[in-house]
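Right, one structure below, let's go through it.
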Amino acid sequence: MLDRQVVQEFLESQLEDIDLAIPGDIEMELLVETFCQYTEDDYYEWLKDNFKSFFEHGNPDWEWVRRKIRSYTSHGAT
């Protein structure tokens, strides 16, 4: 779930950067919530696609997974 306050700050910054004003009949809170839901829907689909790819559509290559774990662990990312 996205942090709504962070998203609002992001939207305000991005809209300012491109000099785009929100129409007066659109409340910022509703715009933020709608944008978050839109993004979260897309994010969930992205996660599902990556799950299928990472686990080879239910037939995972566990050696490849182990190598990935070692690779990320050896670089300090856990």
Side-chain angles (χ1 to χ4, degrees):
M1 178 172 251
L2 297 171
D3 181 317
R4 273 38 182 177
Q5 181 60 40
V6 171
V7 171
Q8 180 171 337
E9 292 169 8
F10 170 79
L11 286 176
E12 288 170 346
S13 172
Q14 293 299 304
L15 292 169
E16 183 178 316
D17 286 351
I18 62 172
D19 197 30
L20 186 63
I22 300 169
D25 64 329
I26 297 177
E27 295 178 34
M28 177 56 90
E29 183 178 321
L30 294 175
L31 179 62
V32 168
E33 183 60 32
T34 302
F35 182 80
C36 284
Q37 289 182 21
Y38 173 84
T39 303
E40 288 165 350
D41 288 347
D42 188 53
Y43 181 68
Y44 183 71
E45 289 303 314
W46 175 79
L47 282 174
K48 288 189 332 187
D49 288 344
N50 277 281
F51 179 86
K52 290 174 191 174
S53 174
F54 189 88
F55 293 103
E56 293 285 331
H57 299 271
N59 188 23
D61 177 349
W62 290 113
E63 281 306 312
W64 178 85
V65 172
R66 287 181 184 96
R67 286 192 304 272
K68 290 305 246 183
I69 291 169
R70 282 192 299 272
S71 172
Y72 286 113
T73 303
S74 70
H75 291 95
T78 54

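Predicted, not measured: the structure shown is a model, and the values here were computed from it. Just the heavy atoms: all of them, side chains too, but no hydrogens, waters or symmetry mates, feed the values below.
- Environment of CD in Gln14: crowded, with over 12 heavy atoms of neighbouring residues, nucleotides or ligands closer than 6.0 Å.
- Annotation: the span from Glu40 atom CD to Gln37 atom CD amounts to 7.0 Å, rounded to 0.5 Å.
- At most 12 heavy atoms of other shown residues, nucleotides or ligands fall within 6.0 angstrom of atom CD in Glu27.
- Follow the hydrophobic side-chain contacts under 4.5 Å out from Phe51 and you never reach Leu47; the two are in separate clusters.
- Residue pairs meeting the salt bridge (Lys or Arg N to Asp or Glu O under 4.0 Å) criterion with at least one member in residues 58-69, sequence neighbours excluded: Glu63-Arg66.
- The hydrophobic cluster containing Val6, built from Ile/Leu/Val/Met/Phe/Trp/Tyr side-chain heavy atoms closer than 4.5 Å, comprises no other residue.
- In this view, Tyr44 satisfies the ring pair (Phe, Tyr, Trp, His ring centres under 6.0 Å) rule with no residue, not counting sequence neighbours.
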Please tabulate, for side-chain N and O atoms in residues 52-60, each donor-acceptor pair with protein atoms closer than 3.5 Å (sequence neighbours left out).
none

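- Residue pairs that meet the salt bridge (Lys or Arg N to Asp or Glu O under 4.0 Å) test with at least one member in residues 15-24, sequence neighbours left out, do not exist here.
- Here the straight-line distance linking atom OG1 of Thr34 with atom OH of Tyr38 works out to 12.0 Å at 0.5 Å rounding.
- In this structure, Leu20 belongs to a hydrophobic cluster whose other members, linked by side-chain heavy atoms under 4.5 Å apart, are Leu2, Val7, Phe10, Leu11, Leu15, Ile18, Ile22, Ile26, Met28, Leu31, Val32, Phe35.
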